[in-house]
Protein chains: 2
Amino acid sequence: METEQQHVCAAAQGCGERDNLNWLLHRAAQRMGAAMERHAVEAGVGIRGHLVLTALLDGHQQTQLALGNRLGLDKTTMTSTLDRMEQQGLIVRRPDPSDRRVRIPELTEKGRQVQAAVRLELELVERAVLEGLSTEEEAVLRRVLLRLAVPEESGASPGGSCV
Amino acid sequence: METEQQHVCAAAQGCGERDNLNWLLHRAAQRMGAAMERHAVEAGVGIRGHLVLTALLDGHQQTQLALGNRLGLDKTTMTSTLDRMEQQGLIVRRPDPSDRRVRIPELTEKGRQVQAAVRLELELVERAVLEGLSTEEEAVLRRVLLRLAVPEESGASPGGSCV
DNA sequence: TATTGTTATACTCTATAACTATA
DNA sequence: TATAGTTATAGAGTATAACAATA
């Protein structure tokens, strides 16, 4: 019916959703999240749980609140997520002697193993999704997304790497 | 306590969430969506509604199902979204004489006005978010995100533009 | 009085299934 | 029998507020 030119995009103001950066971000996140969730759950934890496991990997001791702020999780979300992970034996909550209000989440050996296993699965998904991109394109993507996701720190660490 | 080198990122496998492409996408989408939602709601419709309005702008007549597939919305989500928009007088559902099962959503004049007003607001947000990026960086971002968000079409329309 | 963490509550988004009316 | 759309329901994700223990 409209093979000729397929409409010239309504008043030169873009074609709709494809020019909508917010939509692009949400769709991309939705698709990638769904693909990863499938693989992660088979390996014993959701992507939310894996995110927390990975954040705990570096050995920094931090309160639940600090961990939530770092990952963009509400403290109530943090509680329920850690509840499930503690039941699964992936983490423990260690009380802090210097401040008896706080609890420091820490990886268990099982948590470390599950993190590593899931990480391999997720890397495969990520690699498949990024296939065909040049090294530079991927670098730009990561750098810009980091700016959008963690705005205040992008200027603080100009080197780009995490040291 | 650890000013020296701030930990060398746990076994060279990345610093955690900042190397997690899925997390970057979700955080970026979450932050941008929140910023846009605030501005959009003041102008009379949510970002979800504005997305639908914009998709209807081009005048293509399409069923609710087709519209939902295009935007990545479930048909049940589509129904409730259109319900609200029809109550607000932003769209009408026109029955299709050739197939009396389907209903074709169409913009009203008010819908067109609200779309334009909200669009101006959202463009300001988008511009603020992208501030500081080079033209090329923004182009790469949009192109790559489009590939992740709408994979099958990225190869079908090599020109990049939407004609 | 302020803060950490928990619980309760609610609202949105998403997905599934059941239902209708058409085809 | 299959499809478009609606409705009902349930599950996550997210946010707010109230609360207990502690600072």
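What you are looking at is a predicted structure, and each value in this text was computed from that prediction instead of being measured. Chain letters run A, B, ... following the sequence lines, proteins first, then strands; residues in each count from 1.
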Compare the minimum distances between each of [options] and the side chain of [X], then state the nucleotide with the smallest one.
{"X": "Leu65(A)", "options": "dT4(C), dG5(D), dA23(D)", "value": "dT4(C)"}
{"X": "Gln64(B)", "options": "dA23(C), dG5(C), dT6(D)", "value": "dT6(D)"}
{"X": "Thr76(B)", "options": "dA17(D), dT4(C), dA17(C)", "value": "dA17(C)"}
{"X": "Thr79(A)", "options": "dT4(C), dT7(C), dC13(C)", "value": "dT7(C)"}
{"X": "Thr77(A)", "options": "dA8(D), dT14(D), dT22(D)", "value": "dT14(D)"}
{"X": "Asp99(B)", "options": "dT6(C), dA23(C), dA4(D)", "value": "dA23(C)"}
{"X": "Arg100(A)", "options": "dT6(D), dA23(D), dA15(D)", "value": "dA23(D)"}
{"X": "Lys75(A)", "options": "dT6(C), dT16(D), dA23(C)", "value": "dT6(C)"}
{"X": "Val102(A)", "options": "dT14(D), dT6(D), dT4(C)", "value": "dT4(C)"}

Discussion item. Need one value for Gln30(A): base, sugar-phosphate or nothing, where a base atom within 4.0 Å counts as base even if backbone is also close, heavy atoms only.
Written reply: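 It contacts sugar-phosphate atoms only.
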
Worksheet item: Hey, is the side chain of Arg93(A) poking within less than 4.0 Å of OP1 or OP2 on dT4(C), counting only N and O atoms?
Response: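 Checking dT4(C) against Arg93(A), no side-chain N or O comes under 4.0 Å of OP1 or OP2.
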
Check the distance between [N]'s [atom2] and [X]'s [atom1] and give it to me in whole angstrom.
{"X": "Arg48(B)", "N": "dC13(C)", "atom1": "CZ", "atom2": "C1'", "value": "7 Å"}
{"X": "Asp96(B)", "N": "dG5(D)", "atom1": "CG", "atom2": "C1'", "value": "13 Å"}
{"X": "Gln87(B)", "N": "dT6(D)", "atom1": "CD", "atom2": "P", "value": "12 Å"}
{"X": "Ile104(A)", "N": "dT4(C)", "atom1": "CD1", "atom2": "P", "value": "11 Å"}
{"X": "Asn69(A)", "N": "dT3(C)", "atom1": "CG", "atom2": "P", "value": "13 Å"}
{"X": "Leu82(A)", "N": "dT7(C)", "atom1": "CG", "atom2": "P", "value": "12 Å"}
{"X": "Asp74(A)", "N": "dT9(C)", "atom1": "CG", "atom2": "P", "value": "17 Å"}
{"X": "Arg27(A)", "N": "dC13(C)", "atom1": "CZ", "atom2": "C1'", "value": "14 Å"}

Worksheet item: Do the side-chain N and O atoms of Thr54(B) and Glu17(A) include a donor-acceptor pair separated by under 3.5 angstrom?
Response: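 Side-chain D/A pair, Thr54(B) to Glu17(A): absent.
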
Worksheet item: Under the salt bridge (charged side-chain N to carboxylate O under 4.0 Å, His left out) criterion, do Arg127(A) and Glu131(A) qualify, and how do the steps go?
Response: CA-CA 6 Å; Arg127(A) 231 173 283 167; Glu131(A) 194 186 17; over 6 Å; no

Worksheet item: Is Val129(A) reachable from Trp23(B) through a run of I, L, V, M, F, W or Y residues, each pair having side-chain heavy atoms under 4.5 Å apart?
Response: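 They do share one cluster, since a chain of ILVMFWY contacts under 4.5 Å joins Trp23(B) to Val129(A).
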
Item to complete: On DNA chain C, check which nucleotide each of Pro105(A) and Arg84(B) is closest to and give me the residue with the more 5' one.
Response: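 Counting from the 5' end, the first nearest nucleotide belongs to Pro105(A).
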
Discussion item. Looking at Arg70(A) and Asp58(A), is any side-chain nitrogen of the basic one under 4.0 Å from a carboxylate oxygen of the acidic one?
Written reply: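 A salt bridge links Asp58(A) with Arg70(A).
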
Practice prompt. Using only heavy-atom distances, decide whether a donor-acceptor pair under 3.5 angstrom links the side-chain of Arg101(A) to the base of dT3(C).
Written response: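 When only heavy-atom distances are counted, Arg101(A) does reach the base of dT3(C) through a donor-acceptor pair under 3.5 Å.
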
Worksheet entry | Check: Arg31(A) side chain, Leu148(B) main-chain N or O, donor-acceptor pair, under 3.5 Å |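 Here the side-chain-to-backbone pair exists.
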
Discussion item. If we ignore hydrogens and angles and just use 3.5 Å, is the side chain of His26(B) paired with the main-chain N or O of Ala29(A) as donor and acceptor?
Written reply: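 At least one qualifying donor-acceptor pair exists.
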
Item to complete: Starting from the 5' end of DNA chain D, give me the residue, Met78(B) or Ser80(A), whose nearest nucleotide shows up first.
Response: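 With Met78(B) and Ser80(A) compared, the 5'-side residue is Met78(B).
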
Practice prompt. Would you kindly compare Leu73(A) and Pro97(A) by the position of their nearest DNA chain D nucleotide and give the one closer to the 5′ end?
Written response: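 This one resolves to Leu73(A).
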
